[in-house]
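Below: one structure, written as structure tokens.
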Amino acid sequence: MNQETTMNQNQVRVRFAPSPTGYLHLGGARTALYNWLWAKKTGGVFLLRIEDTDAERSTEDSVQEILAGMTWLGLDWDEGPFFQSRNMDKHVEAAERLLSTGHAYRCFCTKEDLDAQRKEAEAKRVAFMYDGRCRKLSEQQIRENLEKGVPYVLRFLVPRDPQSTVVFEDAVFGRVEKKGRDIEDFVILRSDGRPLYVLSNAVDDSLDGITHVIRGADGIANTPKQALIYRALGLKPPLFCHMPLTLDNKKAKLSKRKHGEVVTISYYRRHGFLPWALCNFLVLLGWSDPDGREFFSPEEMIEAFDLSRINRANSIFNYVPGDPKNWTDPKAIHFNATYIRTMPLEELLPYVREELKAEGLWKQSYAGADREWLLKTIDLIRARFHTIKDFSSRGRCYFSEEFDFDEKAVKKNLAKDPRLREYLPDIAGLMQDLSEFTADAIEGAFRTYAEQREVKAGLLINATRTAVSGTSVGPGLFEMLEAIGRDSVVQRLRNAVRLIPEA
RNA sequence: GUCCCCAUCGUCUAGCCUGGCCUAGGACACCGGCCUUUCACGCCGGCGACAGGGGUUCAAAUCCCCUUGGGGACGCCA
């Protein structure tokens with residue numbers, strides 16, 4: 001055996017295994033991210049497996065949505081996407097092996113009968129667990145049932161001796177133990193012959209050589225069952241790693257049905273999130289850096305990430321419905337805004353370009369002659385923006401003559417002083433005559449004019465700001481005018497006169 | 001109801017394993033101040049938590065027990 005093969009045997013292999021029954025949501029993305037990080041960190045393999053054994057609920061749209069979401073987030077996978085259904089025959093084979101080795105048995109109980117028992121137990125408010133009555137069936141009875149064609153499922157025969165416990169190692173929760181008597185004889189094969197998740201998932205993980213099962217803590221309850229399957233099949237179990245769940249601010253599980261689009265990944269894409277900013281936010285939901293850092297480049301995050309620092313307590317996605325300012329978790333917005341403000345301009349540019357194109361604000365020259373202007377302008381305005389969407393909405397006046405006037409701003413900065421009817425055209429003229437249309441030159445003109453007319457520069461500055469941008473907020477005025485450009489500025493100043501009432 | 005898990009500011013969390021450096025640190029949000037032509041940014045400051053009760057110990061956020069609260073699982077779903 002050569003060295004490379006030896007190394008491969010020790011190589012970490014992880015997977016993200018969503019079921020294609022819905023959208024990629026925050027919880028799923030976080031699970032995918034943790035797996036991805038662990039693979040990158042260890043030089044391992046990250047594979048994607050679509051668990052589509054529930055054919056009725058699986059949809060192609062959902063598969064595409066998940067793939068698109070992963071790609072957008074930058075969580076690239078090394079193998080797959082595989083479909084769980086590809087190995088269906090192997091799962092059935094495993095079930096049959098369990099039957100023949102006495103680890104499973106045929107159960108002829110009808111679904112209706114079990115449902116009735118379950119309902120009854122619920123009414124009496126006691127726990128329902130299948131009583132294992134079909135364990136006791138004689139060879140004779142089984143043969144008769146088979147001959148009559150009575151449908152049956154395969155159930156795993158859980159060791160029942162009083163002392164028996166099932167143990168598995170969890171990277172987050174440590175050694176987890178469960179008593180055999182607290183585990184019911186779970187179904188591994190449906191009456192139509194199709195395998196169930198608990199079986200398929202374990203068999204596939206083994207087939208795919210998965211070394212670490214990093215998944216949500218909701219999976220912790222059926223892990224003992226899977227540990228039993230590994231043992232009965234003589235397979236080496238992976239190291240489990242159950243990450244705490246992320247709940248809503250009322251501590252309920254996140255779901256699209258309940259919370260709407262705000263929990264889906266595509267929502268963040270559509271609302272101007274940088275994919276890495278979202279990843280950075282998500283990684284901190286249940287994991288922390290030993291040095292207390294919160295912002296990471298992908299390389300830094302991969303370096304810093306470790307399974308041992310995953311938290312045990314659930315975290316809350318702090319989204320309050322109906323708050324227009326905090327339309328998602330405020331900390332997520334903070335991450336996005338900080339990235340927009342501080343990332344290298346060259347890296348930000350493609351996102352802005354896409355946004356401007358989508359909104360019909362892109363000009364051909366931005367890729368050529370005006371490229372430097374564009375970068376400078378982006379840099380000028382980005383400090384106030386929270387999302388990429390802001391470039392086309394709040395930043396519209398830099399790219400188009402069609403922008404809205406904020407009523408309050410007009411009232412406060414333009415309508416309040418009739419003298420502006422005279423000042424603004426004057427300034428427009430000054431701008432027109434400036435030999436160099438630079439921030440310094442513009443400022444000089446403003447200051448001189450203010451002095452001559454014995455008026456506060458602030459009055460002129462604020463009025464001009466609203467005249468050219470429609471708002472009362474924004475970057476320093478002189479730089480702003482330079483960015484907007486002489487012709488537009490002159491035009492806008494003259495147009496604004498209509499907004500100022502006569503004395 | 002049964003089994004399992006969890007518990008530090010409003011939220012994300014550090015500290016807990018290996019008790020003392022914790023009058024509990026950081027981040028977001030919020031509130032003040034400075035800067036300033038505005039709004040942001042930045043800087044300075046403020047508000048704000050060890051769920052409760054017992055124990056162990058010279059000493060407990062840290063170890064143990066109980067209570068309470070919360071979550072998960074309990075499908076011929078994944």
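- For the pair A/Thr338 (side chain) and A/His334 (backbone), a donor-acceptor distance under 3.5 Å is present.
- Nucleotide B/G1 is matched to B/C74 when pairs are restricted to Watson-Crick or G-U wobble geometry with both distances under 3.5 angstrom.
- Within the 4.0 angstrom heavy-atom criterion, no nucleotide atom of any strand lies near A/Arg49.
- Aromatic rings of A/Phe295 and A/Phe335 (six-membered ring for Trp) have centroids within the 6.0 Å cut-off, being under it.
- When rounded to the nearest whole Å, the span between CD of A/Gln84 and C1' of B/C77 equals 12 Å.
- Residues that satisfy the side chain to side chain contact (heavy atoms under 4.5 Å, CB included) test with A/Glu177, not counting sequence neighbours, are A/Thr165, A/Val167, A/Arg175.
- Listed candidates were B/C30, B/C76, B/A78. Nearest to the side chain of A/Lys325 is B/C30.
- Among the atoms of the strands shown, only primed sugar atoms or phosphate atoms (P, OP1, OP2) are found under 4.0 Å from some heavy atom of A/Glu184.
- A/Tyr351 has its ring centre no less than 6.0 Å from the ring centre of A/Trp276.
- Residues A/Asn280 and A/Tyr339 bring a donor and an acceptor atom of their side chains to less than 3.5 Å of each other.
- Nucleotide B/G19 forms a pair with no other nucleotide shown, judged by Watson-Crick or G-U wobble geometry with both contacts under 3.5 Å.
- Salt-bridge formation is detected for the pair A/Asp131/A/Arg133: a Lys NZ or Arg NE/NH1/NH2 atom is positioned less than 4.0 Å from an Asp or Glu carboxylate oxygen.
- At the heavy-atom level, A/Lys456 lies nowhere under 4.0 Å from the strands shown.
- The nucleotide whose nearest atom lies closest to any side-chain atom of A/Leu245 is, among B/C76, B/C28, B/G72, B/G72.
- When each of A/Asn326 and A/Asp192 is assigned the nucleotide of RNA chain B bearing its nearest heavy atom, the one mapping closer to the 5' terminus is A/Asn326.
- Distance A/Arg125 CZ to B/G1 P: 6 Å, rounded to the nearest Å.
- Comparing A/Asn222 and A/Gly219 against RNA chain B, the residue whose closest nucleotide sits nearer the 5' end is A/Gly219.
- Pair assignment for B/A27: B/U11, on the basis of Watson-Crick or G-U wobble contacts that are both within less than 3.5 Å.
- Across the C1' atoms, B/C21 and B/G15 are found 12 Å apart, a figure rounded to whole Å.
- Atom CG in A/Asp291 sits about 11 Å away from atom P in B/G15, given to the nearest Å.
- Going from the P atom of B/C5 to that of B/C47 covers 39 Å, rounded to whole Å.
- Applying the 4.0 Å criterion to OP1 and OP2 of B/C76, one finds that A/Ser191 has every side-chain N and O outside that range.
- Within 4.0 Å (heavy atoms only), A/Val153 reaches at least one base atom of the nucleic acid.
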| remark: Protein heavy-atom contacts under 4.0 Å, written 5' to 3' over nucleotides 2-12 of chain B as B (base), S (sugar-phosphate only) or - (none), form the string SS-SSS---SB
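- A donor-acceptor pair shorter than 3.5 Å can be found between the side chains of A/Thr466 and A/Asn413.
- The distance from atom CG of A/Leu278 to atom P of B/C28 is 18 Å, rounded to the nearest whole Å.
- Between B/C50 and B/U11, the distance separating the two P atoms is 13 Å to the nearest Å.
- Under the 6.0 Å distance and 45° angle rule, A/Arg453 does not count as a cation-pi partner of A/Tyr423.
- By the 6.0 Å and 45° rule, A/Lys256 stacks over the aromatic ring of A/Tyr23.
- Look at B/A51: its Watson-Crick or wobble partner, with both distances under 3.5 angstrom, is B/U67.
- Between the side chains of A/His91 and A/Ser200, at least one donor-acceptor pair of N or O atoms lies under 3.5 Å.
- Across the P atoms, B/U2 and B/C76 are found 22 Å apart, a figure rounded to whole Å.
- Between A/Arg86 and A/Asp208 there is a salt bridge, since at least one side-chain N of the basic residue sits less than 4.0 Å from a carboxylate O of the acidic one.
- In this structure, NE2 of A/His91 is placed 11 Å from P of B/A78, rounded to the nearest angstrom.
- For A/Arg190, a side-chain nitrogen or oxygen approaches OP1 or OP2 of B/C77 to under 4.0 Å.
- Heavy atoms of A/Leu247 sit under 4.0 angstrom from primed sugar atoms or phosphate atoms, though from no base atom.
- A/Asp306 and A/Ser308 share a donor-acceptor pair across their side chains, judged by distance under 3.5 Å alone.
- In this structure, A/Lys250 does not reach the B/G71 phosphate: none of its side-chain N or O atoms is under 4.0 Å from OP1 or OP2.
- Separation of the C1' atoms belonging to B/A7 and B/G20 is 24 Å when rounded to the nearest angstrom.
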| remark: Per-nucleotide protein contact along nucleotides 32-43 of chain B, 5' to 3', at a 4.0 Å heavy-atom cut-off (B base, S sugar-phosphate only, - neither), is -----BBBBSS-
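- Atom CD in A/Glu120 sits about 21 Å away from atom P in B/C74, given to the nearest Å.
- Salt bridge annotation for A/Asp406-A/Lys408: absent, with no cationic side-chain nitrogen under 4.0 angstrom from a carboxylate oxygen.
- Rounded to an integer number of Å, the gap from CG of A/Asp205 to P of B/A78 is 15 Å.
- Comparing B/G26 with B/G45, their P atoms sit 10 Å apart, to the nearest whole Å.
- The P atoms of B/U67 and B/A29 are separated by 41 Å, rounded to the nearest whole Å.
- One finds no side-chain N or O of A/Arg175 lying less than 4.0 angstrom from the OP1 or OP2 phosphate oxygen of B/C17.
- Distance CG (A/Leu199) to P (B/C77): 13 Å, rounded to an integer number of Å.
- Taking atom P on both B/U13 and B/A51, the two are 16 Å apart, rounded to the nearest angstrom.
- The side chain of A/Phe128 approaches B/G75 more closely than any other nucleotide in the set B/A73, B/A78, B/G75.
- Across all strands shown, B/G42 pairs with B/C34; the Watson-Crick or G-U wobble distances both stay below 3.5 Å.
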